Amino acid sequence: MLAAVEQLAWGEASAAAAVALHTQVTSLVARHGRPAARERWLSRLSAGELIGCAQAAHGEEGVKARHADGGWVLHGSVPWVGNARPAGLLALRASADGGPLLCLVPLADDAVESQPPAATMGLRPLALRTVTLQGVRLSGDAVVAGPGEAQEPLRELARGAALLVAAVAAGIGQAALDHARDYADVREQFGHRLREFDGIRLKLADMAIRVAGARALRARAAAQPDAAAASVAKVAAAEAAMFASTQAVQVFGGYGYMREYPVEKLMRDAKAMSLLGGADDRHRGQIAEWLYAD
Ligand SMILES: Cc1cc2nc3c(=O)[nH]c(=O)nc-3n(C[C@H](O)[C@H](O)[C@H](O)COP(=O)(O)OP(=O)(O)OC[C@H]3O[C@@H](n4cnc5c(N)ncnc54)[C@H](O)[C@@H]3O)c2cc1C
């Protein structure tokens with residue numbers, strides 16, 4: 001799955017992020033959903049009739065949940081939910097007495113309001129919308145994990161998100177490297193192809209080193225349950241994507257700054273990698289905690 005997301009991101013990072021979010025919610029329902037929730041949503045998610053989106057498992061809870069009539073009532077707002085399509089199913093973390101609640105909210109619910117997509121620097125097709133819940137009523141079946149039991153699925157969601165962002169970022173980095181390598185092969189200046197200049201060769205080599213390093217860290221993190229390893233992979237990949245895309249713009253020279261060439265878009269998309277799935281400094285905090293763990 002991670003390799004497929006990386007390949008998709010090579011061509012269009014928003015498509016890769018959308019597929020990643022959808023897959024994450026589908027697998028959350030399959031693995032942790034109550035039987036009635038699986039019955040109600042899994043086949044529609046698998047068919048793509050219902051589209052998954054998620055609130056970052058890292059942030060503060062903007063939505064409050066109150067127990068009522070054997071179910072829950074939700075009030076609050078979640079900014080910038082990527083892939084929040086009208087036919088969407090939102091995996092949401094809400095705060096409740098006794099701890100966080102992890103639940104599934106159909107965006108078609110009358111008590112849900114989705115804003116038009118925010119104007120963003122990059123990842124525009126991902127369509128980030130603020131979603132507001134005004135007294136959404138959920139039956140117990142829509143709760144994936146109640147207060148006191150949500151820590152583990154939330155941890156799993158956060159780790160999965162970090163690995164998926166690492167995969168999207170590696171795809172952007174690889175695309176930047178490939179475009180820069182190909183351009184340096186054909187562009188001639190001062191009687192030489194760009195690829196013959198040491199400054200260009202070193203840039204290409206540094207891009208290749210960072211992208212390969214990010215991919216290796218992701219493979220290592222995917223093979224172990226440790227959340228800190230996923231954070232390491234996520235931050236390294238976000239930095240590799242930003243580095244490679246910035247260097248690609250430089251290799252293209254003035255053309256790199258122009259919309260008609262592919263690399264300025266990669267640079268705009270790359271910046272989102274240090275925010276999506278939790279800001280990099282939040283991940284650094286978790287890595288530092290892990291360094292001091294017994
Ligand atoms: C393209 C894109 C897609 C997104 N998609 C989604 C989505 O699908 N679902 C969703 O729920 N959210 C989504 N988000 C929101 C994203 O998860 C948040 O923007 C991100 O977690 C950062 O939170 P914030 O914007 O509130 O920044 P803040 O938390 O206010 O952080 C601001 C700065 O302070 C730093 N900071 C904050 N806390 C700490 C700390 N404890 N230690 C050190 N530094 C800290 C941060 O690193 C950052 O540099 C998306 C954002 C973007 C840009």
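Quick note: residue numbers are just sequence positions, from 1. As the structure lists them, so they are numbered: ligands from 1, and atoms in each ligand from 1. Please read all numbers here as calculations on a predicted model, not as lab measurements.
Residue contact check: Trp80 has heavy atoms under 4.0 Å from atoms 4 (C), 5 (N), 6 (C), 7 (C), 8 (O), 9 (N), 10 (C), 12 (N), 13 (C), 14 (N), 15 (C), 19 (O), 25 (O), 50 (C) of ligand 1. Here is the list of ligand 1 atoms found below 4.0 Å of a heavy atom in Leu123: 1 (C). Atoms of ligand 1 found under 4.0 Å from any heavy atom of Gly82 (numbered from 1 in listed order, with element): 5 (N), 6 (C), 7 (C), 8 (O). Those atoms of ligand 1 with a heavy atom of Leu275 less than 4.0 angstrom away are 16 (C), 17 (O), 20 (C), 21 (O), 53 (C).
No side-chain heavy atom of Leu90 sits under 4.5 Å from any side-chain heavy atom of Leu104. Residues Val105 and Val131 have side chains not in contact (no heavy-atom distance under 4.5 Å, counting atoms from C-beta outward).
Heavy-atom proximity to atom 1 (C) of ligand 1, evaluated over Ala18, Gly278, Ala272, Cys53, is greatest for Ala272. The heavy atom nearest to atom 3 (C) of ligand 1, considering only Asp281, Asp280, Leu92, Leu276, is found in Leu276.
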**Item:** From CA spacing to verdict: salt bridge (Lys or Arg N to Asp or Glu O under 4.0 Å), Arg284, Asp281
**Value:** CA-CA 5 Å; Arg284 284 191 171 84; Asp281 286 347; 3.0 Å; yes
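Separation of the Trp10 and His179 ring centroids falls under the 6.0 Å cut-off.
The shortest N or O to N or O distance between Val78 and ligand 1 is not below 3.5 Å.
A donor-acceptor pair shorter than 3.5 Å can be found between the side chains of His32 and Glu156.
Taking 4.0 Å as the cut-off between side-chain N and carboxylate O, Glu264 and Arg259 count as a salt-bridged pair. A salt bridge links Glu12 with Lys265; the closest basic N to acidic carboxylate O contact falls under 4.0 Å.
Contacts between Ala54 and ligand 1 below 4.0 angstrom, taking non-hydrogen atoms only, involve the backbone exclusively. Neither the backbone nor the side chain of Asn83 has a heavy atom within less than 4.0 Å of ligand 1.
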